[in-house]
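Just so it is clear, the model here is predicted, and its values are computed rather than measured. Note: hydrogens, waters and symmetry copies are ignored here, and every other heavy atom, side chains too, is used.
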Amino acid sequence: MPRSPKSNSDVPWTFYRGRTLPPRSGGDVVGSDLVMESRFYGTLMAADISHDQLECLEPEQWLSADLCTFYCYEVGNAFLEGAPGRAKDLVVLHSMTWDLAQWTTKYPLKIRVPGAPPVLDHKYIAFPGNDSGTHFFLCIIVNASDLLQEINPQGPVRTMALILNSSHDVQPKDVDLKIQRIVACLAEGRPLREKELSNITVYQPRVIQQPNGYDCGLYPGHFLRVFLGAPDAYIAHCTGQTLIEGSAESVWEHERVKRARRHLKSLVFSYMEIRQAALIFNSDLPRSGHN
């Protein structure tokens, strides 16, 4: 069973409780109840999990945007770590990417860390989206680099987008225009083939549907894990070129979703325990409640 890290006072450890003084290097005081953070390799925007989000991991609770993103990040990180040479295949972004065109200076102008390959250079760009404020889905943009004039000035353009949505009763709006604006922002000023950009095909295939109104945040990470198991096969399936044999339940491995919440909770608490162990073993800051 997942365990929350405990101090001697039996209170879950958080950055706020464990690091109440500024770092010796003179950085800012950590002023929030942050229990952990996770990033996809090379990206700047973290999935920040605060203490009050932990209750979202309990049964019949909606996941927060950061928990949904964290699940997708960890699926993507595991994919990159699974075999050499995958770094140019995949980039996973925060759920806020769906509203990228409306970002203000509150959010970073750059998505990737200095020196990391630009977003559009990856074969698959994946991120959870939320168009209604209550429902998450997965977006995957495929072969976006075909739109870059510097890489593909005149050749064929294979760029497309997939929207994998576990509730067809809650559909994102204006998806074609939304994807075009997201790609334009992710280009970060690099010239695009504008005519082809305006003609990107967005596929919204029928996929497994959630049996309730609260598990939607688990499905983007699940869909991404299934997709990355055989990307070419699932692209052909989602576009109707070559269907994968079997029922939707088997094609999209629906049975595994039943275990996803328990797995996600265990993963979050494991991260918390690592942070607690690092503090106890390495920190030279005054602390109380730890042995």
Which atom of [X] lies closest to which atom of [Y], heavy atoms considered:
| X | Y | result |
| --- | --- | --- |
| Ile163 | Pro205 | O-CD, 3.5 Å |
| Phe227 | Ile235 | CE1-CG1, 3.7 Å |
| Ser38 | Glu74 | OG-OE2, 2.7 Å |
| Arg193 | Gly155 | NH1-O, 2.7 Å |
| Gly217 | Phe136 | CA-CD1, 3.9 Å |
| Cys56 | Leu67 | CB-CD1, 3.7 Å |

Could you check whether any side-chain heavy atom of [X] comes within less than 4.5 Å of a side-chain heavy atom of [Y], counting everything from C-beta outward?
| X | Y | result |
| --- | --- | --- |
| Tyr124 | Val142 | yes |
| Met160 | Val202 | no |
| Trp98 | Asn130 | no |
| His254 | Ser247 | no |
| Ser95 | Cys68 | no |
| Leu90 | Arg86 | no |
| Leu192 | Leu120 | yes |
| Lys178 | Pro172 | no |

Legend entry - Note: Arg112-Glu188 ion pair, threshold 4.0 Å (strictly below): no
Legend entry - Electrostatic pair Arg190-Asp121, nearest N-O below 4.0 angstrom: yes
Which class fits the ring pair [X] and [Y]: parallel under 30°, tilted 30 to 60°, perpendicular over 60°?
| X | Y | result |
| --- | --- | --- |
| Phe40 | Tyr73 | tilted |
| Phe223 | Trp252 | perpendicular |
| Tyr234 | His237 | perpendicular |

Could you tell me the separation between the [atom1] atom of [X] and the [atom2] atom of [Y], rounded to the nearest 0.5 Å?
| X | Y | atom1 | atom2 | result |
| --- | --- | --- | --- | --- |
| Thr239 | Leu162 | OG1 | CG | 8.0 Å |
| Glu37 | Phe70 | CD | CZ | 11.5 Å |
| Ile182 | Phe127 | CD1 | CZ | 4.0 Å |
| Thr43 | Leu93 | OG1 | CG | 7.0 Å |
| Lys88 | Leu80 | NZ | CG | 12.0 Å |

Would you say [X]'s side chain and [Y]'s backbone share a donor-acceptor pair under 3.5 angstrom?
| X | Y | value |
| --- | --- | --- |
| Asn152 | Pro156 | yes |
| Glu245 | Leu243 | no |
| Ser198 | Lys195 | yes |
| Gln171 | His168 | yes |
| Thr69 | Ala65 | yes |
| Asp66 | Asp48 | yes |
| Ser266 | Arg262 | no |
| Asp215 | Pro211 | no |

Quiz question: by atom type and distance under 3.5 Å, do the side chains of [X] and [Y] form a donor-acceptor pair?
| X | Y | answer |
| --- | --- | --- |
| Asn165 | His135 | yes |
| Asp52 | Ser50 | yes |
| Asp146 | Asn143 | no |

Legend entry - Greater than 12 external heavy atoms within 6.0 Å of Glu81's CD: yes
